[in-house]
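Notes follow the structure.
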2 protein chains.
Amino acid sequence: MDDWLKDSDEVGPSWLTVDLAIFTLRDDQLMVLLVERGLDPFRGMPAMPGGYVQKKENLRDGALRELAEEAGIDGSQLHLEQLGTYADPGRDPRGRVVTVAYLALGPDLPIPTGGTDAARAFWAPAARLGDGTLTLAFDHQTILTEALEEVRRKIEYTAAATAFCGDTFTLTDLRTVYQVIWGQELDPSNFRRKILNTTGFVQPTGDQRLPPTGRPAALYRRGQAWLLNPPVLRATTSGQRG
Amino acid sequence: MDDWLKDSDEVGPSWLTVDLAIFTLRDDQLMVLLVERGLDPFRGMPAMPGGYVQKKENLRDGALRELAEEAGIDGSQLHLEQLGTYADPGRDPRGRVVTVAYLALGPDLPIPTGGTDAARAFWAPAARLGDGTLTLAFDHQTILTEALEEVRRKIEYTAAATAFCGDTFTLTDLRTVYQVIWGQELDPSNFRRKILNTTGFVQPTGDQRLPPTGRPAALYRRGQAWLLNPPVLRATTSGQRG
DNA sequence: TACAGTTATGGTTGCCATGACCATAAGTGT
DNA sequence: ACACTTATGGTCATGGCAACCATAACTGTA
């Protein structure tokens, strides 16, 4: 069967990798997971966690395996989604390496332990992706910048924001997710009304949680809906929406 | 440099292809472009147009080249966007073939001429993707079904609907796009108000077009906006939105 | 010319989601 | 008892929206 796949002047083999854009909330900041590369090329430089997809593995399984190997994170709990594929001929000095970028969102995750290929893994503030203080291997700067914008959009139209919360959460927890990611304050009362009117977004558990100070807050868990109707739209500078 | 990319028990080379989900509007129907495969595997079976990405080519250029080769379509006019990547180990009997699916939207395109690899190319109603009357090569049934759902969503939140229209179009032309793709009637008057209130969606040209009968309609061209604010949301069966 | 038929455009009304804002509930510590 | 803090609930004016009606501007026909 392999004789159908012939090398030629114009077409040749390529190597397949997955890279992970892993975001979480820590200390009221949006953080992205980076590893320090342990091997050439770009040895010692920060990069997205990732690696080769194995012969008998599909993309999602490969992403989950790399998540565990390089970052020590059990991905079965978090939201995993394909972002895009990057295959420019010059993106990897080793030759044609095609990478499929995955987006992973999770609640405040344990500080990862360094893995085999990665010298060490660490959280970096997502804000540093935009301010030029970060130099990443390969085209990972581009990929992560696109990933960040995708996260901002995603929480408008889907229930992705709940992926940043634990199993149960208060509406203030959820509101904090939006505030941190969008960088703008939201009115607690209006936010509450909006969320509760969006069918299937959250389900009350019946329990409460006591904050350090103040009235206890009702706990919720994720609802069955993923696409939000109506969506939770960002405030627009221009036109009013209602 | 190639010595960094070693074959091993677990990791091996793969072949990179692009496949195209090309949609257009013909005779008030949403149509998808298919080719009859001229080579094994799946010779004679309908499939998405596509083929191998060349060594020194990026994904987008490869998609545009295949668009021209297999379908005789000049892609410089239409909207092209990456959809997703499919790489399951069993998806191609030849071995590990990774395909990047692209979504292409265009106005009523010329009937394509058969290309080199494809015996012939033809338009099929998109409705047939769902009713089981179509058997496609590889996992193309899955890919196209996901592509169709993406189109339906895309025209809600972006100006993608204008990609189905010509260079200039009337608001009725644009409304027809939504009606056909969503399969529901829209009130002309309300549609007009919504579109014109969405900043940057369309620009008046100042010209008019005479329909076969009835009042002349003002012509518009695409505006500069891509993300719509507010979006053009589908009517919901459940809750009212305003 | 008068008229019906057709399509584009414009206006009215009632409903409801929204943002701004205020009030109350239910905890904490002093 | 009181201040303080946070969660929850309500009011009100604005404006988007669906449903619907009215008018404009063209065609063809009597």
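Below, chain A is the first sequence line, B the second, and so on; all start at residue 1.
In A:Asp167, the CG atom is not crowded: 12 or fewer heavy atoms of neighbouring residues, nucleotides or ligands sit closer than 6.0 Å.
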Could you run down the sub-3.5 Å N/O contacts of the protein with nucleotides 1-5 of chain C?
none

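The distance between atom CZ of A:Arg215 and atom C1' of C:dA26, rounded to the nearest whole Å, is 6 Å. Between the CZ atom of A:Arg209 and the C1' atom of D:dT8 there is a distance of 16 Å, given to the nearest Å. A:Gln208 places its CD atom 9 Å from the C1' atom of C:dA26, with the value rounded to the nearest Å. Taking atom CG of A:Leu196 as the reference point, atom P of D:dG10 lies 12 Å away to the nearest angstrom. When the C1' atom of C:dT18 is taken as reference, atom CZ of A:Arg234 falls 18 Å away, rounded to whole Å. Counting to the nearest Å, the P atom of D:dC20 and the CG atom of B:Leu186 are 15 Å from each other. Atom C1' of nucleotide D:dA24 and atom CG of B:Leu210 are separated by 14 Å, given to the nearest angstrom.
Within the 3.5 Å criterion, the main-chain N or O of A:Leu103 finds no donor-acceptor partner in the side chain of A:Glu81. When atom types are taken as modelled, the side chain of A:Asp61 and the backbone of A:Asn58 share no donor-acceptor pair closer than 3.5 angstrom. Panel note: side chain B:Thr158, backbone B:Trp226; no donor-acceptor pair is recorded below 3.5 Å. Side chain of B:Glu156 to backbone of B:Arg234: a donor-acceptor contact under 3.5 angstrom is found.
By the 6.0 Å and 45° rule, A:Arg153 does not stack over the aromatic ring of A:Tyr157. In this structure, A:Arg193 fails the cation-pi test against A:Phe191, since its NZ or CZ atom is not both closer than 6.0 Å to the six-membered ring centre and inside 45 degrees of the ring normal.
No donor-acceptor contact under 3.5 Å links the side chain of A:Asn197 to the base of C:dA17.
Side-chain polar atoms of B:Asp108 and B:Thr24 form no donor-acceptor pair below 3.5 angstrom.
The salt bridge (Lys or Arg N to Asp or Glu O under 4.0 Å) search around B:Glu146 returns none, not counting sequence neighbours. Checked against salt bridge (Lys or Arg N to Asp or Glu O under 4.0 Å), B:Arg128 has no partners two or more places apart in sequence or in another chain.
Taking every heavy atom of residues 216-228 of chain A and every atom of DNA chain D, pairs under 4.0 Å involve A:Pro216, A:Ala217, A:Ala218, by number. A heavy-atom distance below 4.0 Å to DNA chain D is reached by these residues of residues 170-182 of chain A, ordered by number: A:Thr172, A:Arg175.
Taking the nucleotide of DNA chain D with the nearest heavy atom to each of B:Pro212 and A:Pro211, the more 5' of the two is matched to A:Pro211.
Sequence neighbours left out, not one pair with a member in residues 210-232 of chain A passes salt bridge (charged side-chain N to carboxylate O under 4.0 Å, His left out).
Of the candidates D:dC20, C:dC21, D:dC26, D:dC20 carries the atom nearest the B:Asp187 side chain, counting heavy atoms from C-beta on. Of all nucleotides listed (D:dT27, C:dG19, D:dC20), D:dC20 comes nearest to the side chain of B:Asn190. For B:Ser189, whose side chain is taken as the heavy atoms from C-beta onward, the closest listed nucleotide among D:dC17, C:dG10, D:dG10 is C:dG10.
With respect to the salt-bridge test (charged N to carboxylate O, under 4.0 angstrom), the residues B:Asp187 and B:Arg192 do not qualify.
Residue A:Arg193 places none of its side-chain N or O atoms closer than 4.0 Å to OP1 or OP2 of C:dA17. Contact annotation: B:Arg192 reaches the phosphate of C:dT9 (side-chain N/O to OP1 or OP2, under 4.0 Å).
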